[in-house]
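Sequence lines set the chain letters: A, B, ... in the order given, protein chains first and strands last, and positions in each chain run from 1.
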Amino acid sequence: MEDLKYKLKEQLIEALNLEGMKPEEIDNTAPLFGEGLGLDSIDALELIVLLEKHYNIRIEDPKDGRKIFHSIDTMAEYIQSKQLSA
Amino acid sequence: MHSKVFLTGKGVISSIGKNAEENYQSLIRKKHGLKYTQLLDTFHKEVFPVCEISMTNEELIALLNIQNPVGYTRTALLGMIAVKEALEDAGIEWKNNTLEKKYKTALINSTTVGGMRHTEEVYLDLLKPDMQSESESYIDTHDLGECTERIADYFGVHSYVTTISTACSSSANSIMLGMRLIQQGIVDRAICGGTDSLSKFTINGFNTLMILDKEHCRPFDNTRVGLNLGEGAGYVILESERIVQEEHKKPTCYVSGFANTNDAFHQTASSPEGDGAYMAMNQALEYAHLKPSDISYINVHGTATPNNDLSEGRAIERLFGTTNTPKFSSTKPFTGHTLAACGGIEAVYAMLAIEHQVIFPSLNFKDKMEELTIEPTTDVIENYKVDHVLSNSFGFGGNNSTVIISKVV
Amino acid sequence: MKKAVYINGIAAISPQHTFETAEFLPTPVNYDDNYLLVVDADYKKYINPVQIRRMSRILKISYTCAKNCMQDAGITSLDAIITGTGYGCIDDTEKFLLSMLHQNEQMLNPTAFMQSTHNSVSGIIALNMKSNAYNYTYVHRGLSFESSMIDAMIHIQEGKKNILIGGFEENSKNHFEVTNKISFWKKNHIPSLALLEDKNIGTIAGEGANFFVLSADKTANTYASVLDVSMLYKPKSYDEVAAAIQDLLDKNNISTADIDVYISGLNGDSTMDSIYYEVADKCLPSAALLYFKHLCGEYYTVASFGLWVASMILKRQEIPAILQVSKQEKKQIKYILLHNHYRNINHGFYLLKHE
């Protein structure tokens, strides 16, 4: 799980072009949107592409993204639950 | 007071008809143009239905009697069909280079895709050192101005030729510029509107934004999830008061107001309170010296994306109130969202509404939006007093435009 | 036009050192390639880190240039934002197009699509400056910037005070290669500063962003006034070009002898340049002939760089030697005619006056 989270952070930094940021600087529990990293709705769409590209998980309704992308923890949990059920 | 500029001609081609009369008949018979694409080869062809014009490029070329069809893009061809109808409707001669014989004319075209439909077909080939020679004719047709020049050359416009691209408000903005050029005396008349053909690029682009509906779109409905794309072209002819007098024309409509504002909220989304939309409608009313209660009908932008309809709906409620709000409908379920063309097509529909004194229906509306009190008109209303039609077009980049078309009394 | 229109702020990001400098082309940069790129500015100074990470190169260049231009004019609010661009954000367009074709229309990124729209520059300026004002983008080939100018000048006639206008274009390798196939660019490599010495067809590809604040009122920072701008579409002969120039001068009660400087769009393409020499010889024999495309390359909205050059000349009353086709004596410069054409299809004329 920790490996997955670290990997996820690396992918997130690359996909969202968070220049100069290191995976260590992203807190697993901190909110990604709004207050925390300051991501917005376009980043959410980019994260949907990220999940499909790297984890073969498709999110059909953009509204579902809000919960899933709350933090690195929630994203990792979601990925794991999808992979277990697959 | 601003000098009056009249609407003396209109032309349109869309998935519901290749001229204004066919479009009108479809609108009052509730016949929409949505189906799975027959002409565009895309991965999504059985996923996202579109409002496609059923004619092939060859059929369009034949209709225009073009002898040497090399390098004519679909976007240019659709534009030419609609401009031709608009000029004929206005009684303007254009054959043998007569169009500007008496009056300086502007062609203010607009498009968002230009030659992309062809670029995407030949692009990989163009990157090869040994490309096929047929591909070469679509190198210099990619940019957005090229289709405008094809149209200008076909009809012989040379005094003022330009192209606007402000996403989905483009052709509404072209009408505004036509007004201002005539008022300044830079030209005597203007051909204003827009054209866009369907392309893989736009289907995929809107898909990445997750705002395409796999079903028929449902503007202002609580269950709406997105838009359907369409293709088409729509143009109006604007003429100065002087031309109308000299040529003894009897136009039915004129442009009474317009405004363009920016939401300055987000790159692609509208502000939830519809600030830009509110300002555009309000400024257009002020320009026209009209009160909100003077408006008979609003042809809303109404794309059926969750964001647009909420933003636009709230702006309408703020400006027009929730009781005695003018009749409003979105014609997007008929034509799909035709991007740069929609402002021109819907200006033609506004003219039709005034000429026939009729309100067009909003298809597929069932459940009122939970955030709003107002509801769109769902039936054709005939014999309705239509004096002033307010037409909205909103685009990416926060671009908001309103044009008010009024009945000449 | 009835009401005077003043250029009160300018900024250029170009292949030369034109940005954040008080000097006027002090050390021209030569390029031994037919593909010129801008000298990058410190974009981070102008754009906050949250936004910059997503912005494409041309968005950064254009926005930075726009913001600097407003600082130069000393204004913070605008009555209109108008941009001109031929290809728009071509790099993002190509990026999205290529992924779409290579990935069979799947798993595509929204950012490239969103920023591929031609009005994303004017949109982002409005967004960042919180400007609700009129916001237009003209995309008509070699008339994109001219259309923007005329629109801005009409706004001043309509009573508006300050208009931000800009021309921008970015170079991209793919686009360069593709347009090279239809002989837009020289097949041989030449030193850019010796552009006019080469007699082959084609020119050198360039890019840049050039922004201006046009205003109704003169200020201490005013560079020049714009008396008029006109466009000509597909002239059939030199006579039509000469007539268009004469018409522009007549409308403004200026004679050809009044024009001190003729800034031409000479680009070293032997099939395109003759018209400028003809204008210089027959129409404006007493004017100094200048050129500028050896500094910035050719692009659809390159006349905006020409306008930057003209603004600098009129304010500083000096003509750097690098701009002169033949050596000029120093004299007072009152009127400039700037003339640029794109492949002899789109011609733009700008009549400018010293203030």
Under 4.5 Å from any heavy atom of chain B - which part of C:Glu105: both
Which portion of C:Tyr134 sits near chain B, non-hydrogen atoms under 4.5 angstrom: both
B:Glu120 side-chain N/O to B:Phe201 backbone N/O, donor-acceptor pair under 3.5 Å: yes
Best-contacting candidate, C:Ile154, C:Ile124, C:Leu108, against chain B by heavy atom pairs under 4.5 angstrom: C:Ile154
Part of C:Ile125 within contact of chain B (heavy atom distance under 4.5 Å): neither
Portion of C:Ile345 that has a non-hydrogen atom of chain B nearer than 4.5 angstrom: side chain
Positive for side-chain contact (heavy atoms from CB on, under 4.5 Å) with B:Ile108, one of B:Leu181, B:Leu238, B:Thr163: B:Leu181
Segment of C:Ser116 engaging chain B (4.5 angstrom heavy-atom cut-off): side chain
Any B:Thr162 side-chain heavy atom under 4.5 Å of B:Leu177 side chain: yes
Test item: C:Val241 and C:Leu232 side chains (from C-beta on) under 4.5 Å apart, heavy atoms: yes
C:Tyr342 six-ring face occupied by C:Arg141 cation (under 6.0 Å, within 45°): no
Check ion pair B:Asp140-C:Lys181 (N to O, under 4.0 angstrom): no
Proximity breakdown for C:His102 and chain B, heavy-atom pairs closer than 4.5 Å: side chain
Residue part contacting chain B, namely of C:Asn346, when any heavy atom lies under 4.5 Å: side chain
Geometric class of the C:His347/C:Phe349 ring pair [parallel <30°, tilted 30-60°, perpendicular >60°]: parallel
Among the listed options C:Met129, C:Gln157, C:Glu146, C:Gln106, the residue most often paired with chain B at heavy-atom distances under 4.5 Å: C:Gln106
Top contributor to chain C contacts, counting heavy-atom pairs under 4.5 Å, from B:Thr148, B:Leu127, B:Thr268, B:Leu209: B:Leu127
Contact class of C:Lys234 relative to chain B, heavy atoms under 4.5 angstrom: side chain
B:Gln283, part contacting chain C, at a heavy-atom distance under 4.5 Å: neither
Under-4.0 Å salt bridge between B:Arg150 and B:Glu146: yes
Residue selection (most heavy-atom pairs with chain B, distance under 4.5 Å) from C:Thr111, C:Asn128, C:Thr93: C:Thr93
Region of C:Ala126 in contact with chain B, defined by heavy-atom distances below 4.5 Å: both
Partner chain B: residue of C:Asn132, C:Leu143, C:Asn174 with the largest heavy-atom pair count (under 4.5 Å): C:Asn132
Gap separating the CZ atom of B:Phe265 from the NZ atom of C:Lys130, nearest 0.5 angstrom: 8.5 Å
Segment of B:Ile203 engaging chain C (4.5 angstrom heavy-atom cut-off): neither
Which atoms of C:Phe113 approach chain B - backbone, side chain, both or neither, heavy atom under 4.5 Å: side chain
Separation of C:Leu351 CG from C:Leu248 CG (nearest 0.5 Å): 5.0 Å
Contact leader toward chain B among C:Thr85, C:Thr179, C:Ile150, C:Ile81, where contacts are heavy-atom pairs under 4.5 Å: C:Ile150
Proximity breakdown for B:Asn399 and chain C, heavy-atom pairs closer than 4.5 Å: side chain
Geometric cation-pi criterion C:Lys173 and C:Tyr35, 6.0 Å radius, 45° cone: yes
Region of B:Val113 that comes under 4.5 Å of a non-hydrogen atom in chain C: neither
Option that, when pairs with chain B are counted at under 4.5 Å, heavy atom only, ranks first among C:Asn119, C:Val121, C:Ile182: C:Asn119
Near-ring test C:Tyr299/C:Phe168, centroid separation under 6.0 angstrom: no
C:Met1, part contacting chain B, at a heavy-atom distance under 4.5 Å: side chain
Side chain, backbone, both or neither of C:Thr117 within contact of chain B (heavy atoms, under 4.5 Å): side chain
NZ or CZ of B:Arg180 within 45° of B:Phe258 ring axis and under 6.0 Å: no
